[in-house]
Amino acid sequence: MPWNTAQSADWRTRIAQLPAGRRARLAARATSAPLFAHAYAFHLNMRFGGMTPLHLAEFAKAQGLAGLKVHVEDGEGACLARMSDAALGTYRAAVSHLGLELHVETSTTEADGLADAVRIALATGATSLRCYPRYEGRVSDIIDWTVADLRRLDSFDPQGRLRFTLEQHEDLQSDELICILHAVANPRLSLLFDFANMTNAHEMPLPALAAQAPHVTEVHVKDCLVTPDRGGWAHLACQSGSGHLPMHAMLVELLLLGEDRPQVLAFGLEEEEGYFAPALRFAAEGSDPFIPARSASFTELGTDDLPARLRQEAQAARRQVETVRAMLDEIAAEAERTR
């Protein structure tokens, strides 16, 4: 189905149709959603502008956020992966002093990379580690390899101090991710739902969320423009609220997850204006398609005026905090209005 023929959910009607108790719960959760700064919102500043993981923590504190999500490679020479044990301990103390929760991310499930990311996460006092497979091969093989990788999690963290999330990262579809979770059968492993990445795997946002919902504990919040690409869909990340994604509707569904307590523990604000991701799955593909090799995510600089581009990115990150908070306020107000 062409993207522009898809029907976006009417989130206001969805709220109005909720029982009174669920509307009250939604309003409360919208006003207290755990928003996290995400290092990718400062991707270029961390590559070219000297920004460090500590600067991101200071940004999170200044914005009144609950925590931060940092990739082990973010910050070039100052990244977590290059820190000594002593420096990791110092960073842990700094984040704790700021009253923030830390989540660490890595772009692999392979044993060496995953083990090192666990080491870093534990040394910095992180509570969560995100990963995703980046294998080349048939989907069935990627699933098998990822299951084998993730069955090692307990050996990397035998005391069970971390939660682990597997992100939908542009290649695997919802049923395939759920298959991996069931095969690994680790109660500390859940899904991280990214607002845009399902498009590249030829899934629509709300159906993908509905499928993954029982397993989602963390989120990457972003917006994008979706374009046809060789029989699939590519996405170009854009300013939150200006793209094609039903952001309000997705936030409503995510906030509703969990009965006695919220199921989603972190909403990472991952503004990625200018990031482009091509289609990886296609309408006419076979039952076991081949996924080509790919690098970890990166955004092209796209300009000769580096200082201006870095300022633009930082402004976009601050603007996303305001935009998402405004969306959550609108959701809370709608839930209160219809009670």
Side-chain angles (χ1 to χ4, degrees), residues 35-80 98 100 103 105 107 130 167 169-170 194-197 199-200 205 219-227 229 233-248 250-251 266-278 294-330:
L35 302 182
F36 279 52
H38 197 291
Y40 205 97
F42 293 95
H43 175 70
L44 297 175
N45 276 273
M46 286 196 151
R47 284 171 59 196
F48 304 113
M51 188 172 180
T52 69
L54 181 57
H55 291 140
L56 183 69
E58 292 167 347
F59 169 82
K61 179 65 174 180
Q63 296 294 321
L65 304 178
L68 64 157
K69 292 177 174 287
V70 184
H71 194 284
V72 293
E73 298 289 345
D74 283 325
E76 301 297 309
C79 70
L80 300 180
L98 292 170
L100 299 169
H103 293 180
E105 301 192 346
S107 299
R130 177 221 69 168
E167 182 182 356
H169 208 279
E170 303 168 3
D194 184 285
F195 270 33
N197 286 354
T199 60
N200 310 85
V219 177
H220 285 169
V221 180
K222 67 180 74 160
D223 203 351
C224 73
L225 302 170
V226 183
T227 59
D229 180 19
W233 294 318
H235 87 245
L236 175 65
C238 63
Q239 178 181 337
S240 289
S242 67
H244 293 151
L245 301 182
M247 295 185 69
H248 284 87
M250 286 193 284
L251 286 169
F267 292 83
L269 302 182
E270 197 183 25
E271 196 79 328
E272 295 183 358
E273 194 171 10
Y275 170 74
F276 177 79
R294 58 204 173 104
S295 66
S297 300
F298 70 95
T299 299
E300 297 286 358
L301 188 57
T303 178
D304 293 330
D305 190 343
L306 177 60
R309 183 66 181 93
L310 299 183
R311 287 194 300 272
Q312 176 188 341
E313 182 184 62
Q315 290 166 359
R318 290 191 292 270
R319 186 175 58 231
Q320 190 195 23
V321 176
E322 297 170 357
T323 298
V324 172
R325 280 184 167 146
M327 289 179 177
L328 293 169
D329 287 344
E330 289 173 336

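Here the CE atom belonging to Met247 is positioned 8.0 Å from the OG1 atom belonging to Thr323, to the nearest 0.5 angstrom. Between the CG atom of Leu269 and the CD atom of Glu322 there is a distance of 11.5 Å, given to the nearest 0.5 Å. Taking SG of Cys224 as the reference point, atom CH2 of Trp233 lies at 11.0 Å (rounded to 0.5 Å). Between atom NE2 of residue His43 and atom OG1 of residue Thr299 there is a gap of 4.5 Å, rounded to the nearest 0.5 Å.
In terms of heavy atoms, Val70 sits closest to Ala39 at CA-CB, 4.2 Å. Nearest heavy-atom pair, Leu68 versus Pro53, reported as atom, atom and distance to 0.1 Å: CD1-O, 4.1 Å. Listed here is the closest heavy atom pair of Ala234 and Pro278: CB-CA, 3.9 Å. Scanning all heavy atoms of the two residues, the minimum distance from Leu328 to Leu35 falls at CD1-CD2, 4.0 Å. Considering all non-hydrogen atoms of both residues, Thr199 and Ala196 come closest at OG1-O, 2.7 Å. Of all heavy-atom pairs between Tyr40 and Glu313, the closest is O-OE2, 4.3 Å.
The backbone N or O of His71 sits less than 3.5 Å from a side-chain atom of Asp74, completing a donor-acceptor pair. Under the 3.5 Å distance criterion, the side-chain polar atoms of Lys61 are matched with a main-chain donor or acceptor of Leu98.
Because its NZ or CZ atom is both nearer than 6.0 Å to the ring centre of Phe36 and within 45° of the ring axis, Lys69 counts as a cation-pi partner of that residue.
Taking Arg319 as the reference, Glu273 meet the salt bridge (charged side-chain N to carboxylate O under 4.0 Å, His left out) condition, with sequence neighbours excluded. Residues satisfying the side chain to side chain contact (heavy atoms under 4.5 Å, CB included) test with Asn200, not counting sequence neighbours, are Glu170, His235, Ala277.
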Is there a side chain to side chain donor-acceptor pair (under 3.5 Å) between Asp223 and Gln239? Walk through the geometry before answering. CA-CA 6 Å; Asp223 203 351; Gln239 178 181 337; over 6 Å; no
Would you check, one step at a time, whether the test side chain to side chain donor-acceptor pair (under 3.5 Å) holds for His38 with Gln320? CA-CA 11 Å; His38 197 291; Gln320 190 195 23; over 6 Å; no
